[in-house]
Amino acid sequence: MSNVFIAFQRNEETRAIVNAIVADNPGAIVNEQPAMVKIDVPRSMVIRKSTIEEELGREFDLQEMQVNLITLSGYIDETDDEFTLSWNS
């Protein structure tokens, strides 16, 4: 089984995004480095706008993630409410 992953610059805003990803993806593995944080999840990862908004305490557009995005791996399925990475085609 292959992991999907996403990596962000490490800063205050991405801390809330990472917390939201971990909350919504049991089995998520967080690897924190000095300048980045990488999250691996087996097979499929869902990033929910609503969970990020709860963490940040404000409205959030999922496209805001791209400002701090370094890289990702997996097929992307994106709506206004969810960003999904998977190896399920």
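In this chain, numbering begins with 1 at the start of the sequence shown.
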Worksheet item: So, do I17 and M65 sit near enough that their side-chain heavy atoms are less than 4.5 Å apart?
Response: yes
Worksheet entry | Check: R10 and Q33 side chains under 4.5 Å, non-hydrogen atoms | no
Worksheet item: Is a side-chain donor-acceptor pair under 3.5 Å present for T14 with N68?
Response: no
Item to complete: For the residue pair I70 and Q9, establish whether any side-chain heavy-atom pair is separated by less than 4.5 Å.
Response: yes
Practice prompt. For a side chain to side chain contact (heavy atoms under 4.5 Å, CB included) with M45, tell me which candidate from I39, L72, N3, D40 qualifies.
Written response: I39
Worksheet item: Do E13 and R15 come within less than 4.5 Å of each other through their side chains, counting heavy atoms only?
Response: no
Worksheet item: Out of curiosity, E32 CD to F8 CZ, how far, rounded to the nearest 0.5 Å?
Response: 13.0 Å
Practice prompt. Return yes if some donor-acceptor pair links the side-chain N/O of E64 with the main-chain N/O of D61 below 3.5 Å, else return no.
Written response: yes
Discussion item. Taking the side chain as everything from C-beta on, heavy atoms only, tell me whether V4 gets closer than 4.5 Å to W87.
Written reply: yes
Discussion item. Suppose we screen for side chain to side chain donor-acceptor pair (under 3.5 Å). Which residues come up paired with K49, at least two apart in sequence or across chains?
Written reply: none
Worksheet item: Is it true that a side-chain atom of D77 and a backbone atom of L85 form a donor plus acceptor pair closer than 3.5 Å?
Response: no
Worksheet entry | Residues which pass side chain to side chain donor-acceptor pair (under 3.5 Å) with E78, listed by chain and number, not counting sequence neighbours | none
Item to complete: Taking the side chain as every heavy atom from C-beta outward, state whether I6 and K38 have any atom pair closer than 4.5 Å.
Response: no
Worksheet item: So, do I76 and T84 sit near enough that their side-chain heavy atoms are less than 4.5 Å apart?
Response: no
